[in-house]
Trainee: 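Quick one: structure below, then a few questions.
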Amino acid sequence: MTEKIGVVGAGIVGLAVARELAGARGAEVTVLDKEHQVAAHQTGHNSGVVHAGIYYPPGSLKARLCREGVALLKDYCARHALPYEEVGKLVVASTRAERPLLRALAERARANGVPGILELDALGLREVEPHAVGVAAVHSPHTAITDFAAVARRLALDVAELGGSVRLAHPVRAVRETAGGVEVLAAGRRLTFDRLVVCAGLGTDAVAAMAGRPGDVRIVPFRGEYYALSGAARELVRGLIYPVPDPRYPFLGVHLTRHIGGEVLVGPNAVLALAYEGYGWRDVRNFRQILGWPGTLRMARRHWRTGLREVRGSLAKGAFLHAAQRYVPELTAADLHRAAGGVRAQAVGRDGGLLDDFALDVHGRVVLVRNAPSPAATSSLAIARHIASLVPASVR
Ligand SMILES: Cc1cc2nc3c(=O)[nH]c(=O)nc-3n(C[C@H](O)[C@H](O)[C@H](O)COP(=O)(O)OP(=O)(O)OC[C@H]3O[C@@H](n4cnc5c(N)ncnc54)[C@H](O)[C@@H]3O)c2cc1C
């Protein structure tokens, strides 16, 4: 009999996993999502950058699955006429003090096999981005942009074509592992699977608790806010302009990104949110769970200065503009207007440490994706292969 696999979450990771299990494995796959459309959360609210693999420690899951994911995604976009543009990325050092970090980044990128990496001086970087300033830069010419929500919609079609189903408006309310399978209660119906893969992003902790696997990390939501450049100011940015990231954080710092369709966004910052889907300041629905996790307060104590700076940036356009002008000084306040933001699902340990790498747990019949922050959209097709390799086929 055909193996039955349930997947919680119709973001890009859940849909890629479902497609892999339905295609390569021939399983009968059902994807469940609480929203009325696919890609409703992180997948539909991000920078749209296909990261080349510059930042991640060599040998980490992020480094490996990002490189594999780029190749798979580029090919997938070509086969399905999905947008994929190699606009290139500049990581810019704006002070001499940042030079050693920039040099280390270039070495890391080469160690990860990122093609075409070039180290540029102040003049060289202006040949790539004529309106950018800095003392030096690393150029990654093959870093690309795409529309991850469009990729997710195509993956959902693939799942259906492979005989699976994507059931929207199906919030998972209960999970019970039995001797013979996994029972899931969703939209008032009891469904039984041989295995369940949980790719619930911001909803991970809730589903993990239902499955009796709370684990030793928790999702802490970080809102990422953006401004969009208007009119002629868009012409000041050809591709992607990034700062040298602070190695203490997994976030990359406010950057300027050209998007499919020509829009240029400035952002995202990283502000601790008090609701898992806390897209606005006023939403504090989950403050008890978020502040109740000891790791949240330990993290806040350790990083309070950065936290305050991010809050200031969130409240005052001036602070945001200042961050962008550091790289493109011609920008003025009139060039920036608020754009829609996103919320990152970032796993935080009990000790307050932000989990840097992707993290997956396999327990009995349930696979939990515990941490799939950026570059998980880039890496989604490779994450799917990795998960399929970890899940033993059920004998029915
Ligand atoms: C601001 C921002 C910028 C980013 N920029 C980039 C970038 O440029 N490049 C990149 O590669 N990555 C980027 N990322 C990261 C990337 O978007 C995520 O890593 C990726 O989308 C994760 O996909 P996912 O499927 O795991 O999560 P999601 O897309 O969040 O999907 C999870 C799904 O689970 C569903 N769900 C949750 N709970 C339940 C439940 N109980 N029952 C049913 N369904 C449930 C949700 O409705 C949701 O649809 C960015 C993220 C953010 C927020």
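Only this structure's heavy atoms are used, side chains among them; waters, hydrogens and symmetry mates stay out. Atoms within a ligand are numbered from 1 in the order they appear, just like the ligands themselves.
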Trainee: Among Val172, Asn371, Thr378, which residue places a heavy atom closest to atom 40 (C) of ligand 1?
Mentor: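 Looking at heavy atoms only, Val172 sits closest to atom 40 (C) of ligand 1.
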Trainee: Any donor-acceptor pair under 3.5 Å linking the side chain of Asp357 with the backbone of Leu61?
Mentor: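 The answer is yes, because a donor-acceptor pair under 3.5 Å joins these two groups.
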Trainee: Which is it for Phe193 and Arg365 under the side-chain contact (heavy atoms from CB on, under 4.5 Å) test, yes or no, and what are the steps along the way?
Mentor: CA-CA 9 Å; Phe193 303 108; Arg365 294 173 177 273; over 6 Å; no
Trainee: Given ring-ring contact (aromatic ring centres under 6.0 Å, His included), test His45 with Tyr279 step by step and report yes or no.
Mentor: CA-CA 10 Å; His45 298 87; Tyr279 291 93; 5.3 Å; yes
Trainee: Looking at ligand 1, does Ile12 have a heavy atom less than 4.0 Å from it?
Mentor: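 It does; at least one heavy atom falls under 4.0 Å.
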Trainee: Whether Arg154 engages the ring of Tyr76 as a cation-pi pair (distance to the six-membered ring centre under 6.0 angstrom, angle to the ring normal within 45°) should be assessed.
Mentor: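 Not flagged: Arg154 not positioned over aromatic ring of Tyr76.
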Trainee: Considering only protein heavy atoms, which is closest to atom 50 (C) of ligand 1, and at what distance to one decimal place?
Mentor: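 Answer, as residue, atom name and distance: Asn46 CB, 3.3 Å.
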Trainee: Hey, is Phe222 one of the residues with a heavy atom under 4.0 angstrom from ligand 1?
Mentor: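 No, that is not the case, since the closest heavy atom of the residue is not under 4.0 Å from the ligand.
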Trainee: Between Asp75 and Tyr84, do the side chains contain a donor N or O and an acceptor N or O under 3.5 Å apart?
Mentor: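 There is no such pair (donor and acceptor under 3.5 Å, judged by atom type) between the side chains of Tyr84 and Asp75.
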Trainee: Which residue and atom name correspond to the protein heavy atom nearest atom 21 (O) of ligand 1, and how close is it?
Mentor: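 Among all protein heavy atoms, the one nearest atom 21 (O) of ligand 1 is Thr43 OG1, 3.1 Å.
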Trainee: For Leu32, which part has a heavy atom under 4.0 Å from ligand 1: side chain, backbone, both, or neither?
Mentor: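 Under 4.0 Å from ligand 1, Leu32 contributes backbone atoms alone.
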Trainee: If we count only N and O atoms by modelled type, under 3.5 Å, do the side chains of Thr257 and Tyr226 hold a donor and an acceptor together?
Mentor: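 Result is no, nothing qualifies.
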Trainee: Kindly identify the option in Asp33, Thr143, Val50 whose heavy atom sits closest to atom 47 (O) of ligand 1.
Mentor: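 Nearest option to atom 47 (O) of ligand 1, by heavy atoms: Asp33.
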Trainee: Report the nearest protein non-hydrogen atom to atom 19 (O) of ligand 1: residue, atom name, distance rounded to 0.1 Å.
Mentor: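 I find the closest protein heavy atom is Ala372 O, 2.7 Å.
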Trainee: Any cation-pi pair here, Arg223 with Trp281, using under 6.0 Å and within 45°?
Mentor: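 Positive - Arg223 is close enough to the ring of Trp281 and near enough to its axis.
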Trainee: List the closest protein heavy-atom neighbour of atom 37 (C) of ligand 1: residue, atom name, distance to the nearest 0.1 Å.
Mentor: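 Going by distance alone, atom 37 (C) of ligand 1 is nearest to Ala200 O, 3.2 Å.
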Trainee: Using a 4.0 Å heavy-atom cut-off, say whether Pro373 meets ligand 1 through its side chain, its backbone, both or neither.
Mentor: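 For Pro373, the contact with ligand 1 is made by the backbone alone.
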Trainee: Heavy-atom contact check, 4.0 Å cutoff: does Pro171 meet ligand 1?
Mentor: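 It does; at least one heavy atom falls under 4.0 Å.
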Trainee: Quick one about His142 and Ser140 (side-chain donor to acceptor, distance below 3.5 Å, no hydrogens or angles considered), yes or no?
Mentor: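 Side-chain D/A pair, Ser140 to His142: absent.
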Trainee: Among all protein heavy atoms in this structure, tell me which lies nearest to atom 12 (N) of ligand 1, with the distance rounded to 0.1 Å.
Mentor: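 For this ligand atom, the closest protein heavy atom is Ser374 OG, 3.4 Å.
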Trainee: If you take all heavy atoms of Leu191 and Ala186, which pair is closest and at what distance?
Mentor: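 Heavy-atom minimum between the residues: CD1-CB, 4.4 Å.
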Trainee: Kindly confirm or rule out an N or O of Leu202 lying under 3.5 angstrom from an N or O of ligand 1.
Mentor: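 For ligand 1, there is no N or O atom that lies under 3.5 Å from one belonging to Leu202.
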Trainee: Give the atoms of ligand 1, by number and element, whose distance to some non-hydrogen atom of Gly9 is under 4.0 Å.
Mentor: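 In order of numbering, the contacting atoms are 33 (C), 34 (O), 35 (C).
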Trainee: Can you pull out the closest protein heavy atom to atom 39 (C) of ligand 1? Residue, atom name and distance to 0.1 Å, please.
Mentor: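 Going by distance alone, atom 39 (C) of ligand 1 is nearest to Lys34 CD, 3.8 Å.
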Trainee: For atom 1 (C) of ligand 1, what's the nearest protein heavy atom and its distance?
Mentor: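 Minimum-distance protein heavy atom for atom 1 (C) of ligand 1 reads Tyr226 OH, 3.4 Å.
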Trainee: I want to check a possible cation-pi pair here: Lys62 against Tyr55, using under 6.0 Å from ring centre and within 45° of the ring axis as the test.
Mentor: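 The answer is no, since Lys62 fails at least one limit relative to Tyr55.
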Trainee: Of the protein's non-hydrogen atoms, which lies at the shortest distance from atom 30 (O) of ligand 1, and what is that distance?
Mentor: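 Of every protein heavy atom, Gln42 NE2, 3.1 Å lies nearest to atom 30 (O) of ligand 1.
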Trainee: So is His170 touching ligand 1 or not, going by heavy atoms under 4.0 Å?
Mentor: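 His170: in contact with ligand 1 (<4.0 Å).
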Trainee: Answer with yes or no whether the side chains of His363 and Glu177 bring together a donor and an acceptor at under 3.5 Å.
Mentor: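 There is no such pair between these side chains.
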Trainee: What atoms in ligand 1 come closer than 4.0 Å to a heavy atom of Ala376?
Mentor: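 This gives 19 (O) as the contact atoms.
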Trainee: Does only the side chain of Cys199 get under 4.0 Å from ligand 1, or the backbone, or both, or neither? Count heavy atoms.
Mentor: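 Only the backbone of Cys199 comes within reach of ligand 1.
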Trainee: Looking at non-hydrogen atoms alone, which of Val175, Val49, Leu73 comes nearest to atom 9 (N) of ligand 1?
Mentor: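 Of the listed residues, Val49 has the closest heavy atom.
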